[in-house]
Structure formats: C-alpha cells, structure tokens
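Report on the following structure.
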Amino acid sequence: MPRASAPVRKCRVDLHIHTALSPCAELEMLPDLIVMKAAAEGLDLIAICDHNSAENTAACIEAARGTPVRVLAGIECESREGVHVLGLFDGAESAGALQGFLWERLPDEANRPEFFGAQMVVSAQGEFVRYNERLLATGADASVEELIAKIRSLGGLALPAHVDKTYAGLLGVLGLVPEGVRLEGVEISGRADARDVRERFPQIAKLPFLRASDAHRLSEIGQAHTRVWLEHRTVGELKLALSGLDGRHLEDN
Amino acid sequence: MKKVTNSDIIRLGQVVADIDLADAGAAAPGDREVSGVYCSDLLSDVMGGARPGEVWVTVQSHLNVVAVAALKELAAVVICGGRSVDVSILKKASEEGVVILLAKQSAFEVCGRLWELGLRHED
C-alpha cells in the first residue's frame, strides 16, 4: 500500500546567524531585532550560532515566542585546527552543554574589545546583561572529529561551516574530509557557486548543501537561505531532510 | 643567487642534525634527498603548492597532515613550536612511510635554518 505522504511544508531556513555576543557582529544583533528581521525576510526557521558560546540562544528562542519564526540554539565551534563547525540543537540547554565542553578547552585569555567587539550577553528584549570577557575568537583544544562527535552525543546536528572558504572552512584548512568522518551535509556561504564547490571538492559533491547567511549584521539575515520541506521545525526533521527521508527534503543548492 | 648543484645535495639526516629535530616516530631515513622546503598550515594550500621531496614546515598537527604528505611524496613534515602529536598520527605515518619530525623552535626559526642550509622553494 502506498504510504501517505508526510504533511510537510516548505520552510525558508537560515541556520547561521550571529548576535552581539560574537566577535565582529554589529551591536544591533539583538534577539528581538534579529527575530523581527527574520520574520520580515519570510524566514520560518533560523539558528543562532555565536562563536564558541550559546549564551544568547535562550534569549533569541524567547524573543521568537508568538512570532512565525522558530529559533534553534547553535554554536559556531572552532576546532584546534581552526575549522568552524556548526552544532545545532532544539534547545538552549544542549547548546549550553556544548558550550561547557568548549570552554574547558579554550585558552584562558581575555577578549580585546577594541579588536573583537564587546561580546554582549543580552535579554530577549535586547537589554544588556553582561559582557563575556573571555576570548571567544579562537580555537578550542579539540579536533574537528572530537567536536562532531560531541555535538552528536548531545543530540545535535553537526555541519561544517562555509566549506567553500579557505579561512576556517573544513576543506580549506584540512584539505580532505578526515578519514572516518561521515557528514550529513555541509554549509556553504551565500556567494558560493555550488557547482564550483562540487568540482573543487569531489569528496563532498554528493552531500546536501545548506546555504546560510553567516549574518553579522541585521541587513545580512536571510540574504542567503535554503528552502527545506519539513513537518516540524526541529533538528530531528532537519536530519531527515538531509537524508531525504519521510518526505522531508531540501532544495538542490 | 647560489644554485644548488649535485655536490651539495642535502639529505634528511643533515636537516635533522643541523636543526636539532626529534623523530616523532620511526627514525628518519638519513639518506633521503631533500629537494626544498614548503611552509604552510592550510592543507589545501600544501596540496596545491608543495613539490615532491620537499620538507613541509607547519604548526598543523591534524591526522590529515599524514595523508597530504603521502599524497605529495614529501621528504618529511616538521611540526613546529614544541607541539606533541597524537599516537594515531604516528601510527598512520609509519604505515604510509611519512616522516614526522618535531621542532621546539617556531616555524620561522626552522625555515630560517633550512634556508641557511641552502634549501629553497623556487618558483
């Protein structure tokens, strides 16, 4: 008997957005403004991914309550080798556990606000709570394999960030996908030519590409996004979509 | 500029002795010829730029270093700055015949000494 097709709907998804906590993000990257801009751009699902910290994820999830936008809690982790990997979770608690793992492995150095910005922790309404005075713009002492394993052990989705870029992209830094690492998909940056990326990196040519904005400014939110067909806007459903299971799927980028 | 001639072929043993490098795993084959030097921490750059027989100077110590060194048929990899390397890397290196050397000095210092030995990466 043919299976009934899942009641999926098309979602516009941008899984890589920074807040004012991230080095070099503009001060207007505040939860309420981010959600408002995402809604204005017609985004259904976004993920907050600051550098090595999840401290503003709960505030962004709260800011999205009652809006058409759903927010996932993420971290843009930096590995020992200087590779950026997104760890995406349904809730701020799991992202917080990943943050604990990273902070135990980050060098004990102070942020220099004149170079990296103030690194502000804020409320859902964008009110100042505190500064994170630790240097976040650096690598944790964990390999990219260890980061991916940790993200998955916490129930998250691990996506190597902006793989088309030489700076901090998995393949730019490490040349090859490390042996034994099985990826579900990769993030490509807004301006990347997907065909060119597939030609340059045949190892990932068959993987799904998720295009995301890596927004550090309000004006960049949604400037790159991916259409994904989901029933619910969760990490579990994103994993199904990346595997093309149960009617969940994503557009060919 | 001084050209390297047959009479001054530089061998790996000389590199190890002159720069005070430690073998991380199996002993480096001292008679292996060294054709030049490449210095980079981006493996994609090394894949594009390094030439067979060169010594690769880096601070990168990921397992993929071994794969790239084998692929490019490099004479040795010098991991600088007093870093230690994981046993999984040494095991893979010995399987692939890749020589891993450890330097206490910075990559700059190591490159300087290799230059003084007469090694180059000529374009």
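Residue numbers start from 1 in every chain, and the chains themselves are labelled A, B, ... in the order their sequence lines are given, proteins ahead of strands.
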key: Proximal to chain A - members of residues 63-99 of chain B, heavy-atom separation under 4.5 Å   =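 Within residues 63-99 of chain B, near chain A: N64(B), A67(B), K92(B).
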With a 4.5 Å heavy-atom cut-off (strictly below), which parts of [range] touch chain B? List them by number.
range                       : answer
residues 198-221 of chain A : none
residues 178-193 of chain A : P178(A), E179(A)
residues 142-174 of chain A : V144(A), E145(A), T166(A), L171(A), G172(A), V173(A), L174(A)

key: CG/D196(A): more than 12 non-hydrogen atoms of other groups inside 6.0 Å   =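 Enclosed.
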ask   = Crowded around E133(A) CD? As in, over 12 foreign heavy atoms under 6.0 Å?
value = no
task = State, with a plain yes or no, whether a side-chain heavy atom of L43(B) is found less than 4.5 Å away from one of E81(A).
result =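 A side-chain contact under 4.5 Å is absent here.
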